[in-house]
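A short write-up of the structure that comes next.
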Amino acid sequence: MKLFNFFKNSNETDVLEPKNLETQTDVPKSIFMDENPPLEEPNKQTERDRINFLIEFDYEREGMKDGFNIPNQSVLELKLERFKAELIKEYEVLINEKIEKIQKLNSLKTAAENIDTLFAAKLILDITNLEADKTTLLNEKTQIEMSKGAYLIVENNYKIGFIQGMEKFKQVEIFNK
């Protein structure tokens with residue numbers, strides 16, 4: 001080892017020798033950390049996201065819980081009426097938003113008709129599209145009011161879960177299994 005140290009410059013250190021940790025400079029954290037993280041954009045939801053959430057909710061699990069804790073037909077009927085009312089309310093909110101947009105576009109169209117006919121034609125197209133969307137929403141709402149359409153998914157899933165919950169109640173509470 002002494003022979004090796006003989007050829008070594010005074011500035012060099014031996015690879016096998018441990019480095020003095022106290023003389024090392026600390027690396028600034030700013031090299032590894034982003035000082036300006038990206039801004040979080042507000043969560044943009046489409047207007048039908050709330051309806052989709054209500055339709056895709058785990059009604060089977062909800063029904064199972066209710067069927068086990070309160071195995072009563074009136075609970076089943078009341079819950080189904082509540083789910084229907086929530087769906088109808090969301091449809092009414094969307095329909096009212098469409099009506100409001102149509103009214104605003106109509107007032108804008110009357111103001112723009114004499115100024116720019118091309119822009120007025122685009123507004124008419126937008127109004128027509130909104131009217132079609134409103135009609136679709138009204139039809140879906142009517143289907144729900146008649147316990148058809150998307151509401152059938154909710155009703156069937158809840159009833160399946162409720163029956164499973166009642167079966168579990170029977171096994172646990174009555175037969176002590």
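Throughout, residue positions are numbered sequentially from 1 according to the sequence presented.
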Please indicate whether Gln73 has more than 12 foreign heavy atoms, meaning atoms of other residues, nucleotides or ligands, lying under 6.0 Å from its CD.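 Counting neighbours around CD of Gln73, 12 or fewer heavy atoms of other residues, nucleotides or ligands fall under 6.0 Å, so no.
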Kindly compute the distance separating [atom1] ([X]) from [atom2] ([Y]), expressed to the nearest 0.5 Å.
X	Y	atom1	atom2	result
Glu60	Asn156	CD	CG	10.5 Å
Leu80	Lys159	CG	NZ	6.5 Å
Ile144	Leu152	CD1	CG	10.0 Å
Lys141	Ile95	NZ	CD1	5.0 Å
Glu140	Leu87	CD	CG	10.0 Å
Glu90	Ile55	CD	CD1	10.5 Å

Less than 3.5 Å apart, which donor and acceptor atoms pair up between the side chains of residues 161-175 and the rest of the protein, not counting sequence neighbours?
residue: Glu167; atom: OE1; partner: Lys170; partner atom: NZ; Å: 3.4
residue: Glu167; atom: OE2; partner: Lys170; partner atom: NZ; Å: 3.3
residue: Glu167; atom: OE2; partner: Gln171; partner atom: NE2; Å: 3.0

Would you say that [X] contacts [Y] through its side chain, given a criterion of any heavy-atom pair below 4.5 Å between the two side chains?
X	Y	result
Glu113	Thr117	no
Glu92	Ile88	yes
Ile127	Asn106	yes
Arg48	Leu137	yes

What pairs meet the side chain to side chain donor-acceptor pair (under 3.5 Å) rule with one or both residues in residues 118-131, with sequence neighbours excluded? none
Same cluster for [X] and [Y] if Ile/Leu/Val/Met/Phe/Trp/Tyr side chains link at under 4.5 Å?
X	Y	answer
Leu138	Ile99	yes
Val154	Met64	no
Leu108	Ile102	yes
Leu130	Leu125	no

If you measure from the Lys or Arg side-chain nitrogens to the Asp or Glu carboxylate oxygens, is any gap between Glu97 and Lys101 under 4.0 Å? no
Is it true that Lys89 and Glu86 have a side-chain N and a carboxylate O under 4.0 angstrom from each other? no
Steps toward side chain to side chain contact (heavy atoms under 4.5 Å, CB included) verdict (Leu105, Lys109): CA-CA 6 Å; Leu105 286 175; Lys109 181 183 72 109; over 6 Å; no
Gln143 to Gly149 - nearest heavy-atom pair and separation: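 It is OE1-N, 3.6 Å.
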For Tyr151 and Glu81, the nearest pair of non-hydrogen atoms, with its separation, is OH-N, 4.4 Å
Pair listing, ring pair (Phe, Tyr, Trp, His ring centres under 6.0 Å) test, anchored in residues 74-108, at least two apart: Tyr59-Phe83, Phe83-Tyr158
In terms of side-chain heavy atoms, does Asp49 have a donor or acceptor partner in Thr46 at a distance below 3.5 Å? yes
Please report the C-alpha distance between Leu78 and Arg82 in whole Å, then the side-chain angles of each, then the deciding distance to 0.1 Å, and finally whether the side chain to side chain contact (heavy atoms under 4.5 Å, CB included) criterion is met. CA-CA 6 Å; Leu78 290 173; Arg82 189 186 99 201; over 6 Å; no
Tell me, with the steps shown, if Phe119 and Leu123 meet side chain to side chain contact (heavy atoms under 4.5 Å, CB included). CA-CA 6 Å; Phe119 182 66; Leu123 290 174; 3.4 Å; yes
Check against salt bridge (Lys or Arg N to Asp or Glu O under 4.0 Å), Lys79 and Glu62: CA-CA 10 Å; Lys79 282 283 187 126; Glu62 185 78 14; 3.0 Å; yes
